[in-house]
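Residue indices begin at 1 and follow the sequence shown.
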Amino acid sequence: MSMDGLMRFRECIESPQSLEDLQYYFNDHGELRHIITKKPFVYNYYKNEHERNHKRYIALGDMITLHVYERLEEDCNLERIPIPIDASDEEPKSFFFMSKEISSVQSNLFVLLQDSGVIRAGQWSQKVIFHHSLTKGSQLLYIKAALRDNGSVIILNPNDNFVKMKEESQAMIKNEEVCSPETRGAGDLYITPRKVIVPKRCSSSPEEHTNYVWDHFISRSAAKNVSFIAHGYGGLVFMDLLCKRSKEVMAKVSAVAFIDSRHHTPHQTTTAPEIQTWIRSHCRSWVISTKPLDRPTGSLRKLDCPKVSAGTENHDLVPSITFQSIFRFLSRCSKSRRKSVPPPFTVVTRSTTRNRSL
């Protein structure tokens, strides 16, 4: 490699703009492979250099996130929606993805809510993407299935909560008041030992993000059947939404699929009988277990929904393994909801009476 080529390669490694800059790509099976060796991803790429390997891992994870965003927009034709909707151009903003013209289409709406951590919109598990495939670790399988059934989707982005400022930016705010953890609010600045972090207004936590998208988009959509699919911490976030918007959620949501959820119904919900009844009849939870897929597991608590086996003890692989079972459950709930809706009232006129006698 020439000196100029080596310099360009080092620049790509230090400030990558795509997977190719890090010499990786996804093959036809959605598996992450090295461009030159064609081998799977290996964490210990540099021998006995943990810090360098970790930086490489973080950079590659960021490029995977950007790649998934591109697939959402280009392959699934989803629209990136910045929030809050009243934010100025200078204000830090979060975003989520949504089917176009969702407010005017009478269809099924699927809302995907992932686990906590570094994962962003469109991902179930970044670890699975690294070591298995994009198909198993991303939400693309779920999204494409929803769109094939003439449905629409909202892909939440609950972990995009802060803007990290460079260390030199600390000098710019050294005279500003720094909030303590007890008094922090959305939009407040606070300093960690190495960086300055700015919470994003209306998205400073997964719960706040989800409540905001519900209030301004999901609750206003024209969809008659809204289904939530929540993985890990996402289940806890949905239960928070149910507690805060109980009447709206119970009226609009037809089904909830919890994927090895971290929620705890007795601790999160009230003892209101209508909420208990709604949870038992509209929700199902797939939990890690050694039992075959869809076998009943655990005890049926009065306050909780039915639980079935996910067919695996690997938390990160549960979404891909339970995919078909979850969509069968959501489809049944949707059909049941349509049957329970009474037909529109028909006004009998002379013309209709005359037609019936013919």
Side-chain angles (χ1 to χ4, degrees), residues 12 15-35 40-41 43 56-83 93-100 102 110-148 151-164 200 203 206 209-210 213 228-234 237 259 315-323 326:
C12 289
S15 301
Q17 301 297 317
S18 66
L19 285 172
E20 289 75 14
D21 288 345
L22 295 171
Q23 296 193 327
Y24 275 92
Y25 75 105
F26 286 107
N27 64 19
D28 293 339
H29 301 289
E31 299 164 331
L32 190 66
R33 293 291 183 265
H34 194 276
I35 290 178
F41 170 79
Y43 181 84
R56 174 175 172 270
Y57 181 82
I58 296 299
L60 190 54
D62 291 341
M63 293 305 101
I64 286 175
T65 294
L66 295 180
H67 179 81
V68 172
Y69 288 165
E70 289 179 1
R71 300 284 67 76
L72 296 180
E73 293 175 318
E74 297 176 10
D75 297 350
C76 304
N77 197 30
L78 302 184
E79 185 176 5
R80 186 186 302 215
I81 308 295
I83 56 173
K93 292 179 282 293
S94 183
F95 61 92
F96 68 99
F97 291 90
M98 182 174 72
S99 297
K100 297 177 180 178
I102 195 172
F110 298 85
V111 183
L112 275 60
L113 184 54
Q114 72 265 45
D115 203 352
S116 59
V118 299
I119 48 178
R120 295 295 186 262
Q123 300 178 53
W124 291 127
S125 169
Q126 199 167 91
K127 183 190 299 184
V128 173
I129 296 176
F130 269 107
H131 298 291
H132 292 270
S133 70
L134 189 66
T135 302
K136 292 183 177 181
S138 76
Q139 298 175 346
L140 293 173
L141 192 65
Y142 281 75
I143 296 169
K144 292 178 180 179
L147 297 177
R148 279 197 302 268
S152 52
V153 295
I154 282 182
I155 312 302
L156 295 174
N157 202 13
N159 302 320
D160 181 36
N161 310 127
F162 307 98
V163 172
K164 297 179 182 179
K200 296 182 178 181
S203 289
H209 174 90
T210 302
V213 177
F228 270 79
I229 305 172
H231 181 217
Y233 190 83
V237 174
I259 310 177
H315 169 79
D316 293 320
L317 287 174
V318 173
S320 63
I321 293 174
T322 59
F323 163 68
I326 286 175

Q: Could you tell me which residues satisfy side chain to side chain donor-acceptor pair (under 3.5 Å) with E20, sequence neighbours excluded, listed by chain and number?
A: S18
Q: Under the ring-ring contact (aromatic ring centres under 6.0 Å, His included) rule, collect the residues that match up with H231, sequence neighbours excluded.
A: W124, H315
Q: State which residues pass ring-ring contact (aromatic ring centres under 6.0 Å, His included) with F26; sequence neighbours excluded, sorted by chain then number.
A: H67
Q: Apply salt bridge (charged side-chain N to carboxylate O under 4.0 Å, His left out) to E73 and list each qualifying residue two or more places apart in sequence or on a separate chain.
A: R80
Q: State which residues pass ring-ring contact (aromatic ring centres under 6.0 Å, His included) with F97; sequence neighbours excluded, sorted by chain then number.
A: Y69, F95
Q: Measure the CD-CD distance between Q123 and Q139 for me, rounded to the nearest 0.5 Å.
A: 8.0 Å
Q: Please name all residues satisfying side chain to side chain donor-acceptor pair (under 3.5 Å) with N77, sequence neighbours left out, ordered by chain then number.
A: K100
Q: Output the distance between atom CG (N161) and atom OG (S203), rounded to the nearest 0.5 Å.
A: 7.0 Å
Q: With sequence neighbours left out, write down each residue that passes salt bridge (charged side-chain N to carboxylate O under 4.0 Å, His left out) with D75, or none if nothing qualifies.
A: R71
**Q.** Ring centroid separation F130 to Y57 under 6.0 Å
**A.** yes
**Q.** Sequence neighbours excluded - salt bridge (charged side-chain N to carboxylate O under 4.0 Å, His left out) pairs with any residue from residues 116-137
**A.** K127-D316
Q: Under the side chain to side chain donor-acceptor pair (under 3.5 Å) rule, collect the residues that match up with Y142, sequence neighbours excluded.
A: none
Q: For Y25, enumerate each residue passing the ring-ring contact (aromatic ring centres under 6.0 Å, His included) test, keeping only those at least two apart in sequence or located in another chain.
A: none
Q: Using side chain to side chain donor-acceptor pair (under 3.5 Å) as the criterion, list what pairs up with D62, not counting sequence neighbours.
A: none
Q) Is there any salt bridge (charged side-chain N to carboxylate O under 4.0 Å, His left out) pair reaching into residues 152-163, and which pairs are they, with sequence neighbours excluded? A) D160-K200
